[in-house]
Amino acid sequence: MSSANKHLFNLKFAAKELNRNAKKCDKEEKAEKAKIKKAIQKGNTEVVRIHAENAIRQKNQTINFLRMSARQISALMDKFEQQFETLDVQTQQMEDTMSSTTTLTTPQNQVDMLLQEMADEAGLDLSMELPQGQTVSFGTGVNFHGTG
């Protein structure tokens, strides 16, 4: 597994764990609210206040876990966007280099001479359309039309 994939896996796992903790805190908040109702019914104001504090604390924890999860996911997306931009630049540079190298290593006059030689050996009249729309004829004999 590449380091990028390991990093992706770890961030996904951490974000999932943070969401799981947020759900757990939300559940605890609801449980504390139920305890508040019972304590109110019994008239126990000290216990009511303690459960209210616990409920608020759980609610804040839920929000914090959700924020942390969102930050992890945002950081993950930023990192991979940056990696893809770098890959795009590298790919474009490679394509440009390959294109210029191919052009430089296959001079057109050598290509034309090879085609003439092959046409002469086969005893053919070779007519080719050039990219500019011009037509060049080589040799004599049977016509052969191709695109270059």
- Message: Could you tell me if the side chain of Asp26 sits less than 4.5 Å from the side chain of Gln58, heavy atoms only?
- Response: no
- Distance, nearest 0.5 Å, that separates CG of Asn21 from CE of Met68: 8.5 Å
- Message: If I compare all heavy atoms of Gln61 with all of Cys25, which pair ends up nearest, and what's the gap?
- Response: CB-SG, 3.6 Å
- For Asn19 and Ser69, the nearest pair of non-hydrogen atoms, with its separation, is OD1-OG, 3.3 Å
- Note on the structure: Rounded to the nearest 0.5 Å, the CG atom of Asn10 sits from the CD atom of Gln72 at a distance of 10.0 Å
- Message: Are the side chains of Glu95 and Gln92 in contact, using a 4.5 Å heavy-atom criterion?
- Response: yes
- Message: The test is side-chain contact (heavy atoms from CB on, under 4.5 Å); show your working for Val47 and Arg49 and say whether it passes.
- Response: CA-CA 5 Å; Val47 174; Arg49 182 162 294 280; over 6 Å; no
- Counting only heavy atoms not in Arg20, do more than 12 fall under 6.0 Å of its CZ? yes
- Query: Are the side chains of Thr62 and Lys59 in touch, meaning some heavy atoms are under 4.5 Å apart?
  - Reply: no
- Item | Distance in Å, Ile36 CD1 paired with Ile50 CD1, rounded so as to fall on 0.5 Å steps | 11.0 Å
- Message: Walk me through whether Glu32 and Lys35 qualify under side-chain contact (heavy atoms from CB on, under 4.5 Å).
- Response: CA-CA 5 Å; Glu32 289 297 328; Lys35 291 176 185 177; 3.8 Å; yes
- Arg57 and Glu53 ion-paired at < 4.0 Å: no
- Could you state the interatomic distance from NZ (Lys12) to NZ (Lys16), rounded to the nearest 0.5 Å? 9.5 Å
- Task: Any chance you could measure Gln116, atom CD, to Asn109, atom CG, to the nearest 0.5 Å?
- Result: 13.0 Å
- Message: Nearest 0.5 angstrom please: Ile56 CD1 to His51 NE2, how far?
- Response: 14.0 Å
